Amino acid sequence: MATAPTKPDLPLSGLMRSLIREGYLNEVDVQKYMQAALTDKVPLISYLVSKKLLDAQIIANHASLEFGVPLLDLDAIDLSTLPMTLVTPKLIEQHHVLPLFKRGNKLYIATSDPANTVALNEIKFNTRLNTEAILVEENKLAKAIEKALDASDTSMSGLDDDLGNLEFADEGEGDGDILNTSDPDDAPIVKYVNKVLLDAIKKGVSDLHFEPYEKIFRIRFRGDGMLFEYDRKPLAICGRLVSRIKVMSKLDIAERRVPQDGRIKLKLSKTKAIDFRINTCPTLFGEKVCMRILDPSSASIGIEKLGFEPVQQELFVRAINRPYGLVLVTGPTGSGKTVSLYTGLNMINTIDRNISTAEDPVEITVEGINQVNVNPKAGLTFASALKAFLRQDPDVIMIGEIRDIETASIAVKAAQTGHMVLSTLHTNDAPQTINRLMQMGLEPFNIVAAVNLVMAQRLARRLCNACKAKADYPDEFLLHFGFTPQQLEGLTIYKAVGCDQCNEGYKGRVGMYQVMPMTERLKALILAKGNAMEIAALSIEEGVNDLRRSGILKIMQGITTIEEVDRVTEE
């Protein structure tokens with residue numbers, strides 16, 4: 001009779017070989033345990049501990065000595081602080097590991113088997129972060145993984161109903177119908193899009209970018225003004241994912257040749273909703289989608305937290321509290337102009353004032369303010385909205401952006417006839433704003449009569465107070481950067497380091513401002529048609545800090561770094 005073939009021995013991990021060598025196990029038994037663990041679809045160490053074949057403390061102490069890896073007590077870790085969004089649940093369950101914290105570009109991973117380099121390498125590949133093992137006891141790791149995944153699933157499932165039935169709003173038309181996603185073929189895409197939106201909200205990002213390339217489909221988030229990669233997917237899912245977003249925002253899924261604009265209202269609860277502004281743009285390999293998260297709470301943070309110096313804050317508050325005139329805020333997209341304007345509007349939003357705004361689109365909704373979404377296709381432009389406002393006895397008017405001579409002329413006339421007008425322009429600094437108005441066709445005497453104040457602004461990332469460290473720079477470099485010799489005396493400058501509480505050493509953003517009031521000397525220079533350089537020189541002479549000098553003050557206060565100020569200002 002032929003004997004049954006014996007199963008080949010399974011390869012042993014470095015930890016198992018070490019435990020056998022030290023006499024904790026024998027190789028024959030380990031082979032049996034490995035076969036049983038494969039049958040149960042659990043890691044071998046989990047099998048040994050759950051079956052009480054070996055104590056978790058013994059394995060952990062031995063592994064720490066054998067491999068020189070620090071041993072951590074998981075009971076001392078707050079599971080709610082774990083960076084669960086960095087590693088997918090599939091990888092956590094597959095490799096029986098848990099992300100603990102991130103410092104800079106390094107992700108620390110809890111594991112009961114530090115010899116499992118396959119897990120660390122796969123997580124490194126998926127997260128684009130360097131990985132380092134932290135040894136923990138198996139019994140505590142199993143409980144922690146279960147709790148962490150349950151908490152993650154609960155946070156998702158608690159919003160499943162709302163996320164599966166998102167409310168959408170067309171611009172200027174209010175809330176639309178609720179979409180039911182019952183097609184099982186679409187379920188994976190629906191669930192993935194929901195997860196991306198949730199992760200973006202949790203991370204506090206401002207924008208989401210869905211970008212198709214020749215071979216991959218990339219998703220990036222913008223947080224604190226900087227883009228970082230969130231995920232990569234095969235290009236094959238691009239069409240379905242973009243179609244899902246277009247359906248949610250009530251766009252034409254059949255039209256892929258021209259850009260489209262839409263909006264999503266995501267109801268997180270009965271009292272909390274998040275708005276997303278959507279734009280699609282056809283590219284070489286498919287449609288790129290940009291989603292901006294519109295946060296209503298950003299307008300109520302208080303003027304003290306924006307980053308004004310005391311003198312700048314006083315000038316701004318005084319200008320918006322005047323009964324008439326034009327206040328202009330300038331800067332690139334994403335520099336916080338809307339937040340500054342709405343912070344000002346909130347300060348003067350009283351029962352005795354009639355306030356109206358025209359925006360493209362309305363980003364922040366505020367009770368007590370009459371807000372209009374401009375709709376050029378329907379004939380509702382900034383200019384036509386302004387004309388309508390002036391027939392409704394307004395006290396304060398806010399125009400989202402002055403783009404043409406018609407809008408500029410109406411705004412100036414309104415400012416000259418007893419109305420407070422606030423608006424934005426896209427210029428680099430305050431002096432260039434005056435020249436931009438003249439280039440549009442406004443006469444200097446109208447500018448002088450209407451404009452109260454021009455304010456340019458930028459947003460720089462704030463240093464993390466938990467990890468910032470002192471930095472040394474040569475005096476020659478600091479003087480060239482813009483510091484004065486007096487400012488160098490007793491100066492302490494900080495640099496970004498990076499810890500588990502921040503993103504590469506930064507946490508949040510702060511405003512840097514150039515606040516230029518309309519003085520008598522400045523009015524005379526404008527009437528003489530002075531250029532931007534002459535206006536800038538006069539403003540500095542009169543004590544107005546330009547953006548670089550405002551940034552230097554933030555460096556001296558330990559709020560931000562030289563690198564950040566250099567990144568967002570020109571010199």
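Residue numbers start at 1 and run along the sequence shown. Since we're looking at a predicted model, the values are computed, not measured.
- When every heavy atom of C499 is checked against every heavy atom of A466, the shortest pair comes out as SG-CB, 4.2 Å.
- Among all heavy-atom pairs drawn from A450 and V412, the shortest one is CB-CG1, 3.7 Å.
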Inset, instruction - Output, in order, the C-alpha distance, side-chain angles, deciding distance and verdict of salt bridge (charged side-chain N to carboxylate O under 4.0 Å, His left out) for K554 and E309. - result: CA-CA 9 Å; K554 295 292 185 291; E309 299 300 323; 2.8 Å; yes
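- The shortest heavy-atom contact between L326 and A415 is N-CB, 3.8 Å.
- At least one side-chain heavy atom of E211 sits less than 4.5 Å from a side-chain heavy atom of K288.
- A donor-acceptor pair under 3.5 Å links the side-chain atoms of T280 to the main chain of Q260, judged by distance alone.
- Heavy-atom contacts from other residues, nucleotides or ligands closer than 6.0 Å to CD1 of I253 number 12 or fewer.
- N503 meets the side chain to side chain donor-acceptor pair (under 3.5 Å) test with no other residue; sequence neighbours excluded.
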Inset, instruction - Would you check, one step at a time, whether the test side chain to side chain contact (heavy atoms under 4.5 Å, CB included) holds for T433 with M516? - result: CA-CA 11 Å; T433 304; M516 188 176 76; over 6 Å; no
Legend entry - side chain to side chain contact (heavy atoms under 4.5 Å, CB included) assessment of F445 paired with L527: CA-CA 6 Å; F445 61 85; L527 287 171; 4.0 Å; yes
Inset, instruction - Report the C-alpha separation of T519 and E542 in whole Å, then their side-chain angles, then the decisive distance to 0.1 Å, and conclude whether the side-chain hydrogen bond (donor to acceptor under 3.5 Å, both in side chains) test is met. - result: CA-CA 9 Å; T519 64; E542 294 194 326; 2.8 Å; yes
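- Although no hydrogens or angles enter the test, the distance criterion places no donor-acceptor pair under 3.5 Å between the side chain of T424 and the main chain of V329.
- No side-chain heavy atom of L208 sits under 4.5 Å from any side-chain heavy atom of I219.
- Residues Y230 and R220 have side chains not in contact (no heavy-atom distance under 4.5 Å, counting atoms from C-beta outward).
- By the 4.5 Å heavy-atom criterion applied to side chains, L197 and M291 are counted as neighbours.
- Not one N or O on the side chain of Q432 forms a donor-acceptor pair closer than 3.5 Å with the backbone of D429.
- For the residue pair T407 and D404, a side-chain donor N or O sits within less than 3.5 Å of a side-chain acceptor on the partner.
- Using modelled atom types and a 3.5 Å distance limit, the side chains of Q457 and S340 yield a donor-acceptor pair.
- Ring pair F221/F228 is perpendicular by interplanar angle, where above 60° counts as perpendicular and below 30° as parallel.
- In the displayed structure, D352 atom CG is contacted under 6.0 Å by more than 12 heavy atoms of other residues, nucleotides or ligands.
- Of the possible donor and acceptor atoms, one in the side chain of S550 sits under 3.5 Å from a partner among the backbone N and O of Y513.
- Ion pairing between a basic and an acidic side chain is recognised when a charged N comes within 4.0 Å of a carboxylate O; E406 and K387 show such pairing.
- Side-chain atoms of K246 come within 3.5 Å of backbone N or O of D252 as a donor-acceptor pair.
- The main-chain N or O of A460 is never found under 3.5 Å from a side-chain atom of E564 such that the two would form a donor-acceptor pair.
- Under a 3.5 Å cut-off, the side chain of N349 and the backbone N or O of L345 do not form any donor-acceptor pair.
- Nearest heavy-atom pair, L463 versus G558, reported as atom, atom and distance to 0.1 Å: CD1-O, 3.9 Å.
- Taking CG of N452 as the start and OH of Y324 as the end, the distance is 8.0 Å to the nearest 0.5 Å.
- T357 is not listed as a side-chain neighbour of V366, based on a closest heavy-atom distance of 4.5 Å or more.
- The CD1 atom of I447 lies 5.0 Å from the CG atom of L437; values are rounded to the nearest 0.5 Å.
- Residue M226 places its CE atom among more than 12 non-hydrogen atoms of other residues, nucleotides or ligands, all under 6.0 Å distant.
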Inset, instruction - Show your working on side chain to side chain contact (heavy atoms under 4.5 Å, CB included) between R461 and R567 and close with a plain yes or no. - result: CA-CA 10 Å; R461 291 182 292 173; R567 181 179 68 86; 4.2 Å; yes
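- R403 has a carboxylate O that lies under 4.0 Å from a charged side-chain N of D360, or vice versa, which qualifies the two as a salt bridge.
- With a 4.5 Å cut-off on side-chain heavy atoms, D261 and N279 count as touching.
- Taking CZ of R458 as the start and CE of M512 as the end, the distance is 8.0 Å to the nearest 0.5 Å.
- Under a 3.5 Å cut-off, the side chain of D395 and the backbone N or O of N354 do form a donor-acceptor pair.
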Legend entry - L306/Q313 under side chain to side chain contact (heavy atoms under 4.5 Å, CB included): CA gap, chis, key distance, verdict: CA-CA 9 Å; L306 292 182; Q313 181 175 319; over 6 Å; no
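- Contacts of R509 classified as side chain to side chain donor-acceptor pair (under 3.5 Å), with partners at least two apart in sequence or in another chain: none.
- The backbone N or O of N373 sits nowhere less than 3.5 Å from a side-chain atom of Q371 that would complete a donor-acceptor pair.
- Between R292 and D275 there is no salt bridge, since no side-chain nitrogen of the basic residue lies less than 4.0 Å from a carboxylate oxygen of the acidic one.
- The environment of NZ in K523 is crowded: more than 12 heavy-atom neighbours from other residues, nucleotides or ligands sit within 6.0 Å.
- At distances below 3.5 Å, not a single donor-acceptor pair connects side-chain atoms of D207 with backbone N or O atoms of R222.
- Qualifying salt bridge (charged side-chain N to carboxylate O under 4.0 Å, His left out) partners for E534, counting only residues two or more places apart in sequence or in other chains: none.
- Distance check: I201 CD1 to I293 CD1 gives 5.5 Å after rounding to the nearest 0.5 Å.
- R549 has its side chain within reach of I540: a pair of non-hydrogen atoms, C-beta onward, lies under 4.5 Å apart.
- Taking SG from C467 and CD from E504, the interatomic distance works out to 11.0 Å, rounded to the nearest 0.5 Å.
- Scanning both residues, A411 and I399, for their nearest heavy atoms gives CB-CD1, 3.6 Å.
- Using a 4.5 Å heavy-atom threshold, the side chains of L459 and V568 count as separate.
- In this structure, the separation between CZ on F483 and CG on L491 is 5.5 Å, given to the nearest 0.5 Å.
- Across L553, L547, T560, a single residue satisfies side-chain contact (heavy atoms from CB on, under 4.5 Å) together with V565, and that is T560.
- The two residues P332 and K337 come nearest to each other via the heavy atoms O-NZ, 3.0 Å.
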